Amino acid sequence: MLLSRPDVPRPTAIARDKARSLLERALGPSKVLTEHDACERYVRDESEAVGTVPDAVVLAENSDDILAALAAAREAGVPITPRSGGTGRTGGSVPVAGGIVLSTLGMKSIKEIDRREGLAVVEPGVILQDLHDAVEREGWFYPPDPNSQASCALGGNIAENAGGPRAFKYGVTRDYVLGVEALLIGGQRINAGRRTMKGVTGYDVTGLLVGSEGTLAVFGDITLQLIPKPEHVMTMMTLFSNVRDAGRAVQEIIARGLVPRCIELLDATTLEAMRSAGNSINASAGAMLIMEVDGDEAACERQAQRVSDACDTANVIEVLVAQDAAQRDKLWAARRQMSHAVRKLTKKKLSEDIVVPRQQIGTLLERVARTSEELNVRSLTYGHAGDGNLHVNFLWNEDDEVPRVEKAIEALFRNVIELRGTLSGEHGIGVLKAPYLSLEQSPELITLQRDLKRVFDPQNLLNPGKIFPAGSHAAC
Ligand SMILES: Cc1cc2nc3c(=O)[nH]c(=O)nc-3n(C[C@H](O)[C@H](O)[C@H](O)COP(=O)(O)OP(=O)(O)OC[C@H]3O[C@@H](n4cnc5c(N)ncnc54)[C@H](O)[C@@H]3O)c2cc1C
């Protein structure tokens, strides 16, 4: 199941030709790629999902281009897959049956930063880091911070309801989306949501669209709430001899009512990968917590002391507080490059994103270790421990290891559900997790969501093959 393709039929040659000619007529050759080599760059994302090279790629420059691309897909009856930065981890922007890829990455305008109201209006191709920099220059703050922030874009962030290290204190993308311009495959342009702090008019359509993984609508303009930028930030790196102690430290921090803005956990194998990538880390350390507190300077110092005291009770072996912005940046750069460092350990890796109640982190890690040993599959874990959102990575080299990896993944998901957790904290379901949705959700709940999908997309052309288990698409 790991690398299998969903049951979405490839469009006929006639339909594909029709789509290409409709696109070229509506948008002109500068916005439509049809050469195989050019289209091939849009066949994968940052996951192991396997796609089919798209027949055309639309480089949208505005929301009218999006509507034109959607109309071509509808008229030709071919699938269309929205895409922004292509950094997704579950194959969300991977075209599973070819057709059209609709890239909104070229829509890069930060249209407005309203300093008095504390909101921003952005296009879907704005790179997250650029938004962070722009609002922080104005004294405001946009908290969601997926570690891919230098290359992911707001369209993908909204579609995945992205999280990140700071979600522990500040919440996830959904908490900051006030409204969206949603372009539907039926040709409608919907402005859902509001520009005000509060608002309960009608159903929460914005809430439904956030996290819909490009299956219900394509986003144009996005209205985001900002909050005042914290005055001061203090970053700490703490080392433990094993992951159990690090887990106890996290529990102690939470039990003491402390809310660092992030608590990032890295296990022993992850530290090994970081060492191989040139980071010098105490050789006796078998786990690391990177934590950050914010507020005014005095509050930061008080909180950092209390966090450090909590870590003492869990046998911390080293506490390092970043002394300046350069040291802080160095710590985070190591954390952000870690995923690439891990990738170098083996030819293939799959990063699963799950959440368990925080008190169950230790139990889950023990079970993952047991499964890895029993099935002889290499694994490592890091993630946002403050909110119980961990990334369990399975590593392998050769194809004949895949069946064992699949078993390890299924065992992980079964353990997560048994511990009353959830299958995804921030990466979404996409293609890779679709076969497992029914481990967590009842048939009635899945049917309700498929019915909703049908309202938005009766022909099942918008990003088909995502979220729902194979076999359920035909009904959409
Ligand atoms: C190194 C690394 C670290 C990461 N760390 C985190 C992390 O800490 N937290 C986290 O949440 N994620 C993380 N991710 C995953 C990924 O970066 C996020 O899911 C991100 O939100 C995807 O944004 P993107 O622009 O790359 O979207 P894409 O990969 O292009 O698309 C993702 C989904 O959004 C849909 N989509 C894209 N644009 C639109 C649009 N305009 N309208 C409608 N739907 C659209 C696509 O169809 C697809 O389903 C990480 C990924 C990597 C590679």
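Please read all numbers here as calculations on a predicted model, not as lab measurements. Whatever order the structure lists ligands and atoms in, that order sets their numbers, starting from 1.
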Inset, instruction - Would you check, one step at a time, whether the test side chain to side chain donor-acceptor pair (under 3.5 Å) holds for His427 with Glu46? - result: CA-CA 11 Å; His427 293 171; Glu46 292 279 344; over 6 Å; no
Inset, instruction - Classify the side-chain pair Arg189/Ser63 by whether it contains a donor and acceptor separated by less than 3.5 Å. - result: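 Looking only at side-chain atoms, Ser63 and Arg189 do form a donor-acceptor pair, the distance falling under 3.5 Å.
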With sequence neighbours excluded, tell me which residues meet side chain to side chain donor-acceptor pair (under 3.5 Å) with [X].
X	result
Arg20	Asp17
Arg194	none
Arg195	Glu112

Inset, instruction - Determine whether more than 12 heavy atoms belonging to other residues, nucleotides or ligands lie under 6.0 Å from atom CZ of Arg10. - result: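 Yes - once you tally the heavy atoms of other residues, nucleotides and ligands closer than 6.0 Å, there are more than 12.
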Inset, instruction - Return the protein residues near ligand 1 (heavy atom under 4.0 Å from any of its atoms), ordered by chain and residue number. - result: Glu46, Pro82, Arg83, Ser84, Gly85, Gly86, Thr87, Gly88, Arg89, Gly92, Ser93, Thr104, Pro124, Pro146, Asn147, Ser148, Cys152, Ala153, Gly155, Gly156, Asn157, Ala159, Glu160, Ala162, Gly163, Gly164, Glu213, Gly214, Ala217, Val218, Phe219, Ser339, His384, Glu426, His427, Asn463
